[in-house]
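Notes follow once the structure below has been shown.
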Amino acid sequence: MAEPQTSRTELELLYRVSRELASALDLRTVLQRVLFAAMENVGGERGSIVVLDDNANPIDATIVYGREFHEHTTQQLRDTVERGLAGWVIRNRKAALVPDTSKDERWLRRPDDSIEKSGAKSAICAPLLARERLVGVLTLVHPQTGAFEEKHLKLMQAIADQAGIAVLNARLYAESQRQARVMTALAEGAMAINASLRMEEVLNNVLEQTMRALQVETVALALIDSSSGELVFRAAAGKGNEGIIGNRLPTTRGAVTRVIQEGRGVVIPSVSREDYLPGVQARALAIAPIHVQGRVIGILTAVNPLSRAFDPDALLVMSGIGSLAGTTIQNAHLFEQLQAAHRRYRELFEDSVDAILITDWDGNILEANRRAVTLTGYDEEKLRGLSIDQVHEVNWNKIGLEFENLRNGETQKYESTLHCAGESTIPVEIYVHRVQFAESDALQWILHDIRERKALDELRDDLTAMIYHDLRSPLANIISSLDVLDSLLPPEKDEAIQSVLRIAQHAADRIQRLINSLLDIHRLESGQPVGTLQAVPPVLLIERAVEDVRATAEMRKQSLRTNVDRDLPHVWVDANMIRRVLINLLENAIKFTPLEGDIEIGAAAEKDQVRFWVQDSGPGIPPADQERIFTKFTRLRKEEGAPGGLGIGLAFCRLAVESHGGRIWVESEPGHGARFILTLPTAEKTT
């Protein structure tokens, strides 16, 4: 009868234990109930229960002396699991009975072996298993040797079997609660951190969320200075924060080095000299990296938790906040740059010497700078009530009827007339292109006042007209007088006189060509057609041009070669005008080719055109200047002593060639001479 009664008692005990354990989910509560149940029913002066993770590493524990709970350290747990009786049970996954701890090598002897340090004891230890998973180990200690027997071991194992599932559930519940706390902290942190894009507010929000989540005395945030590579503390909160901001910390010092190099946070339970926060007495420290796109831009530091130590999830929370902070800090930095760019644009917009108008795609004026108000005579409110075509004469051919020519981002340029208040007008040059304005797509119109340039153009036109009218007639008299003088001289005229006469005739011809070029420029720019067109052999044009400049080339001892096929098709041109084009190109080549240099003029057939060229061996023309040399009155910068000019010849050449339906350009590399090329249509093409 005794054995059934014992079994019944054990079953009642296990039932009570099972009910008590099932009514709690908090891990600490479950551990305490397991310990008290084991000590009450098995016996013992003290007991401990160690909770393991899936890798058999200790993650929590409860230690009881009598009815009192005692704190433990991480090192104590590690020693117990690695070298103590609990470690043997974990490795072998079976219970152990130690009648005399002084005679069993599995027992770990420590200075705190008992409160009274009474010496040998008896101990019993059982694994906590749940679904074949080892979730913990339960140990009881009695102050007398031999106090525990096999029946105690069986009862201990039965309690452990009941407790395994409860401990596993409590552990999983604790992990889920911890994850929920972490996620809640990160979610709240994300909302708070992203609440602003102002850098100062962002940094303060990061610190506030870190301090709230970790419950620490002090938090600080440092960013890496790109110029020095040091960490600069930009913000701090909590105890001693006044002395932190502005301090610099080398990135090669202590734990900071590991955090930045490895990109992972660290918890330092006991702070050494190398791991400190300037101006703060630190005993425990947690450092997390601040990440942006895979790189560390700074660190987040938490100092001295208000509880005894950092929670196990403290580093996880800090690392999450650090990642959130990195993105937000980068966005705040970009926002600051954008704000600065807007300020700079606004300053440039307002201080521009040119009038600037911003319109929508319907042409309605949205904004105007001070210069626009001054130039037009309208106040800002009046200007914003106008459309762009009311302010100036829009060149619809340039911009398109619906501004379609501006939608690809290209800048359009043209001259127009600005209509000012009071019905006055101002000549302006318009530059218009697409811009982003106030977060919307818009058009920017720059109106450059060209009154001074127009006045100069009129002065230049007056000067040109004076040359036409006041110089042509006297020059014609000089040329005819030279011709008469040449006919009056005897056949056996003196060679010196003949040389002087040729020089005078040549100079007069050059002046006449210059005047004719000016006249042709004026005439062609005004849209008048080319003079008499006829079919002319290219070889004849080249020979006559060469004959006119040969004397000058010979004076400079230059080699002037021709490279032309006499069977080329005729070109349809004004012979006098094209001859002057070739003379201009040859004179330029002679001018810029050094003494005893080489010059070549030639022509070749090219589809329905004839291609002419003049090649010199001068200094060449920089690529940046190869287009603008054909602009009227343009002269390149030249070294002292280099030949100059009025900037008329090449402008005339372009107008003359293009008016014939041809094209002219230059190919050159500095130091390797220049080749001027022009094409002219053949007579067959035009008929």
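Worth knowing before you read on, the calculation uses all heavy atoms, side chains too, and leaves out hydrogens, waters and symmetry mates. Note that the coordinates shown come from a computational prediction; the quantities given were computed from them, not determined experimentally.
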What do the steps show when you test Trp445 against His392 for ring pair (Phe, Tyr, Trp, His ring centres under 6.0 Å), and what is the final call?
CA-CA 11 Å; Trp445 306 75; His392 83 288; 5.6 Å; yes

In plain terms, say whether [X] and [Y] are close enough for a salt bridge, that is, a side-chain N and a carboxylate O under 4.0 Å apart.
{"X": "Lys413", "Y": "Glu429", "result": "yes"}
{"X": "Lys382", "Y": "Asp379", "result": "no"}
{"X": "Asp441", "Y": "Arg434", "result": "yes"}
{"X": "Arg579", "Y": "Glu543", "result": "no"}
{"X": "Glu380", "Y": "Arg384", "result": "yes"}

Listed by chain and number, what are the side-chain contact (heavy atoms from CB on, under 4.5 Å) partners of [X], not counting sequence neighbours?
{"X": "Val657", "result": "Val581, Ile664, Leu678, Leu680"}
{"X": "Ala222", "result": "Leu231, Phe233, Ile299"}
{"X": "Val546", "result": "Ile542, Arg550, Leu560, Thr562, Leu586, Ile601"}

Atom pair [atom1]/[atom2] of [X] and [Y] - distance to nearest 0.5 Å:
{"X": "Ser416", "Y": "His448", "atom1": "OG", "atom2": "NE2", "result": "14.0 Å"}
{"X": "Ser440", "Y": "Ile358", "atom1": "OG", "atom2": "CD1", "result": "9.5 Å"}
{"X": "Leu595", "Y": "Arg556", "atom1": "CG", "atom2": "CZ", "result": "5.0 Å"}
{"X": "Gln558", "Y": "Asp616", "atom1": "CD", "atom2": "CG", "result": "9.5 Å"}
{"X": "Leu418", "Y": "Ser424", "atom1": "CG", "atom2": "OG", "result": "8.0 Å"}
{"X": "Ile297", "Y": "Asp225", "atom1": "CD1", "atom2": "CG", "result": "12.5 Å"}

Is it true that, when you exclude [X] itself, more than 12 heavy atoms of the residues, nucleotides or ligands shown sit nearer than 6.0 Å to its [atom1]?
{"X": "Arg544", "atom1": "CZ", "answer": "no"}
{"X": "Gln436", "atom1": "CD", "answer": "yes"}
{"X": "Glu404", "atom1": "CD", "answer": "yes"}

Is the closest side-chain heavy-atom distance between [X] and [Y] below 4.5 Å?
{"X": "Pro569", "Y": "Val610", "answer": "yes"}
{"X": "Ile399", "Y": "Tyr414", "answer": "yes"}
{"X": "Arg580", "Y": "Phe652", "answer": "yes"}
{"X": "Ile590", "Y": "Val549", "answer": "yes"}
{"X": "Leu375", "Y": "Ile426", "answer": "yes"}
{"X": "Val296", "Y": "Ile290", "answer": "no"}
{"X": "Val428", "Y": "Ile430", "answer": "yes"}
{"X": "Leu650", "Y": "Leu585", "answer": "yes"}

Backbone N or O of [Y] within a donor-acceptor pair of the [X] side chain at under 3.5 Å?
{"X": "Thr359", "Y": "Ile365", "value": "no"}
{"X": "His660", "Y": "Ala656", "value": "yes"}
{"X": "Ser668", "Y": "Gly673", "value": "yes"}
{"X": "Gln609", "Y": "Glu606", "value": "no"}
{"X": "Asp362", "Y": "Asn364", "value": "no"}
{"X": "Asn369", "Y": "Asp354", "value": "yes"}

Tell me the closest heavy-atom pair linking [X] and [Y], and the distance in Å.
{"X": "Gly263", "Y": "Pro289", "answer": "O-CG, 3.4 Å"}
{"X": "Pro670", "Y": "Pro622", "answer": "CG-CA, 4.0 Å"}
{"X": "Phe612", "Y": "Pro538", "answer": "CZ-CB, 3.6 Å"}
{"X": "Asp598", "Y": "Thr593", "answer": "N-CG2, 3.9 Å"}
{"X": "Glu393", "Y": "His419", "answer": "CG-NE2, 3.3 Å"}

Parallel, tilted or perpendicular: which one describes the rings of Phe403 and Trp396, with boundaries at 30° and 60°?
tilted

Given the rule in the side-chain hydrogen bond (donor to acceptor under 3.5 Å, both in side chains) test, do Trp665 and Glu667 qualify, once you have shown the distances and angles that lead to the verdict?
CA-CA 7 Å; Trp665 70 96; Glu667 296 175 355; 3.2 Å; yes

Salt bridge (Lys or Arg N to Asp or Glu O under 4.0 Å) partners of Asp565, counting only residues at least two apart:
none

Taking only residues two or more places apart in sequence, or in another chain, which ones meet Gln626 in a side chain to side chain donor-acceptor pair (under 3.5 Å)?
none

Can you name the side chain to side chain donor-acceptor pair (under 3.5 Å) partners of Glu669, sequence neighbours left out?
none

What verdict does the salt bridge (Lys or Arg N to Asp or Glu O under 4.0 Å) test give for Arg561 and Glu600, after you've listed the backbone C-alpha separation in whole Å, the side-chain angles of each residue and the deciding distance to 0.1 Å?
CA-CA 5 Å; Arg561 301 189 308 273; Glu600 180 184 272; 3.6 Å; yes

